[in-house]
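As C-alpha cells, the structure follows; a few thoughts come after it.
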Amino acid sequence: LGGHDGCFIYTIGQSTHIPGSKYAFYVVDRDPVTRTVTVAATTDHPALYSHSLVVDRLHWVSDVPPQYVTERRMDCRFRFQHRHPLVPCVVKSRPDGTNTITLDRAIRAITPGQYAVLYLDDQCLGGAKIIKRGMSLYDMHCNELIHGLNTRG
C-alpha cells in the first residue's frame, strides 16, 4: 500500500497513516528481513489479538514456584503493559528452555521484544522477554474456514 522509513520504527498496535489515505491503520506485524509492515484497518481488528505467546527463559524474583518445578507448568496471571489488567494464564515449559503462555482471553498487541510479567495473586513472580506471539484471532478464524472447506470433500 505504501512505503516506510524502516519497520523498526513501528510498534505492534500503533496507529499509522499510509500516504494518500485519509484513514488510520494499525500495525499488526513487521518483518525486518523483508521490510514488510502489515497493517489492519481498525484498532480492534482480530489480527491484533492473540491468546498465546512464547517467551524466553523465565527470570524469577525469588524461588521458582513449586508447581512450576514439579509439573513444568503453572497457573498464574500475566501482564505485559503496566496499565493493563492481569489476565489468568497457564505457563508451560518447553524442551528448549522457552515457555508458552496461554491466556484465558485474547489480548491486543502482544509485542515481541517486550516483557511478559507473571503474578500469583498480586505478587510478582518474575518475567521473560516475549519471543513471538501466538496465532491471531484473525488467523485462527481463517484456518477454521479453510479446514472446514477441506473436510467437506
Side-chain angles (χ1 to χ4, degrees), residues 1 4-18 24-147:
L1 291 174
H4 57 80
D5 294 327
C7 63
F8 59 89
I9 64 173
Y10 297 96
T11 301
I12 306 299
Q14 170 188 346
S15 171
T16 188
H17 284 34
I18 295 175
F25 289 85
Y26 298 85
V27 177
V28 169
D29 199 10
R30 57 193 181 167
D31 184 342
V33 175
T34 62
R35 298 197 55 205
T36 302
V37 177
T38 305
V39 296
T42 62
T43 188
D44 58 352
H45 192 280
L48 289 163
Y49 289 82
S50 298
H51 277 104
S52 64
L53 58 148
V54 176
V55 298
D56 210 344
R57 292 186 185 277
L58 290 164
H59 300 281
W60 304 104
V61 171
S62 187
D63 294 331
V64 180
Q67 183 187 15
Y68 188 80
V69 172
T70 59
E71 300 176 25
R72 304 309 295 164
R73 67 174 298 284
M74 179 177 60
D75 298 301
C76 56
R77 297 192 298 163
F78 162 88
R79 173 186 290 157
F80 83 104
Q81 293 179 334
H82 73 279
R83 286 183 260 161
H84 288 189
L86 293 169
V87 176
C89 70
V90 175
V91 179
K92 291 183 182 174
S93 176
R94 296 164 43 134
D96 64 359
T98 62
N99 294 269
T100 300
I101 299 176
T102 304
L103 307 167
D104 275 10
R105 64 178 175 83
I107 61 173
R108 185 181 183 279
I110 294 173
T111 305
Q114 292 188 357
Y115 282 80
V117 182
L118 303 175
Y119 295 82
L120 190 58
D121 299 320
D122 289 329
Q123 177 187 0
C124 179
L125 298 173
K129 187 175 184 178
I130 299 172
I131 298 172
K132 68 178 184 175
R133 68 184 183 129
M135 189 178 287
S136 74
L137 295 182
Y138 178 79
D139 291 334
M140 289 171 66
H141 181 69
C142 289
N143 280 351
E144 288 171 4
L145 290 174
I146 290 168
H147 179 72

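This chain uses plain numbering: 1 for the first residue, then up along the sequence.
- Heavy-atom contacts from other residues, nucleotides or ligands closer than 6.0 Å to CZ of Arg57 number 12 or fewer.
- Looking at residues two or more places apart in sequence or on another chain, you find a side-chain hydrogen bond (donor to acceptor under 3.5 Å, both in side chains) between Arg77 and Asp122.
- Contact annotation: the side chain of Leu125 approaches that of Pro65 to within less than 4.5 Å [non-hydrogen atoms, C-beta and beyond].
- Within the 4.5 Å cutoff, no side-chain heavy atoms of Gln123 are placed close to those of Val61.
- Looking at residues two or more places apart in sequence or on another chain, you find a ring-ring contact (aromatic ring centres under 6.0 Å, His included) between His45 and Tyr138.
- Between Leu53 and Phe80 there is no side-chain heavy-atom pair separated by less than 4.5 Å.
- With hydrogens and angles ignored, the 3.5 Å screen pairs no side-chain donor or acceptor of Thr98 with any backbone N or O of Arg94.
- The backbone N or O of Ala109 sits less than 3.5 Å from a side-chain atom of Thr111, completing a donor-acceptor pair.
- For the side-chain hydrogen bond (donor to acceptor under 3.5 Å, both in side chains) test, no residue two or more places apart in sequence or in another chain qualifies with Asp63.
- Using a distance-only test at 3.5 Å, with no hydrogens or angles considered, a donor-acceptor pair links the side chain of Arg108 to the main chain of Thr43.
- The shortest distance between side-chain heavy atoms of Gln114 and Gln81 falls below 4.5 Å.
- When side chains are defined from C-beta on, Cys89 counts as touching Leu118, because their heavy atoms get closer than 4.5 Å.
- Remark: Tyr68 pairs with Trp60 by the ring-ring contact (aromatic ring centres under 6.0 Å, His included) rule, at least two apart or across chains.
- For Ser136, the side-chain hydrogen bond (donor to acceptor under 3.5 Å, both in side chains) partners are Asp139, not counting sequence neighbours.
- With sequence neighbours left out, the side-chain hydrogen bond (donor to acceptor under 3.5 Å, both in side chains) criterion links Asp44 to Thr42.
- A side-chain donor-acceptor contact under 3.5 Å links Gln67 to the backbone of Asp75.
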